[in-house]
Visitor: 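Handing you a structure now.
Residue numbering restarts at 1 for every chain, and letters A, B, ... go by the order of the sequence lines.
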Amino acid sequence: MRIGELATLSGVSVRALRYYEEQGLLAPARSASGQRIFGEGDRAEVLRIRALLAAGFCSSVIRGLLPAYRDGGTERIRSAIAAARARLETERRAIDAELDALAGLERELAPDVGVRVHAGRHAAIECSEAVAPDHRDRRLR
DNA sequence: CTTCTTACA
DNA sequence: TGTAAGAA
């Protein structure tokens, strides 16, 4: 099948499929005219790549993991999962520590801070300088 | 109409 | 990742 069909079947964009090939995650054959030719098995392959990506593995790691999936290298995969889990748990501890630190700063403030009366209305305290453009960032800039 | 590559946002 | 452009 050509790239468009695989994209429809897998729910992955044509752009992404070409990118996966560029990253060495997929190795489709080529027709005489240069078009990528995928096999039926590539559908499952793509879904697996998506699952690995969703779990946080970068393409270079996935590249090394895919062959293990094909030739039953279960131990290699298990260790990769364990490493990823350990890394995430370390990060979680750091996040919990920051959350605790924030709670401490909040308790340190006077009881009524957070809202001040201006012209009879409630208004949130301004904090232009300390606000991160994206609250998902790990550090405020 | 679909795909390819290359390049840019 | 999406989209544009020009060619096949």
Visitor: Evaluate the criterion side-chain contact (heavy atoms from CB on, under 4.5 Å) for residue pair A:Arg30 and A:Ile37; output intermediate values, then yes/no.
Guide: CA-CA 5 Å; A:Arg30 294 279 184 155; A:Ile37 302 300; over 6 Å; no

Visitor: Output the rounded distance in Å from CD1 (A:Ile49) to P (C:dT1).
Guide: 11 Å

Visitor: Report the distance from atom OG of A:Ser59 to atom OH of A:Tyr20, rounding to the nearest 0.5 Å.
Guide: 9.5 Å

Visitor: Go through C:dG2, B:dT3, B:dC4 for me and flag the one nearest to the A:Arg30 side chain.
Guide: B:dC4

Visitor: Measure from CZ on A:Arg15 to C1' on B:dT3 and round the result to the nearest Å.
Guide: 14 Å

Visitor: Under 4.0 Å between a side-chain nitrogen and a carboxylate oxygen: does that hold for A:Glu21 and A:Arg18?
Guide: no

Visitor: Separation of A:Leu6 atom CG from B:dC4 atom C1', in whole Å?
Guide: 16 Å

Visitor: Remember a base hit wins even if backbone is also touched, and classify A:Ser13 as base, sugar-phosphate or nothing at under 4.0 Å, heavy atoms.
Guide: sugar-phosphate

Visitor: Rounded off to whole Å, could you give me the CD-to-C1' distance for the A:Glu22 and C:dT1 pair?
Guide: 12 Å

Visitor: Between A:Ile3 (CD1) and C:dT1 (P), how many Å, whole number?
Guide: 12 Å

Visitor: For A:Arg76, I'd like to know if atom CZ has over 12 heavy atoms of other residues, nucleotides or ligands within 6.0 Å.
Guide: no

Visitor: Between C1' on B:dA7 and OH on A:Tyr19, what's the gap in Å once rounded to a whole number?
Guide: 16 Å

Visitor: Should A:Arg36 be listed as having a side-chain N or O under 4.0 Å from OP1 or OP2 of B:dC4?
Guide: yes

Visitor: Quick check: closest heavy atoms across A:Leu26 and A:Ile49, and the distance to 0.1 Å?
Guide: CD1-CD1, 3.5 Å

Visitor: Students often get this wrong, so: under 4.0 angstrom with heavy atoms, is A:Arg18 touching a base, only sugar-phosphate, or nothing?
Guide: base

Visitor: Report yes if a donor N or O on one partner sits less than 3.5 Å from an acceptor N or O on the other, where the partners are the side chain of A:Arg2 and the base of B:dT2; otherwise report no.
Guide: no

Visitor: Nearest-Å distance, CZ (A:Phe38) to C1' (B:dC4)?
Guide: 12 Å

Visitor: When the distance from CD1 of A:Ile37 to P of B:dC4 is rounded to whole Å, what number comes out?
Guide: 8 Å

Visitor: Which comes earlier along DNA chain C counting from the 5' end, the contact point of A:Ser33 or that of A:Tyr20, where each point is its nearest nucleotide?
Guide: A:Tyr20

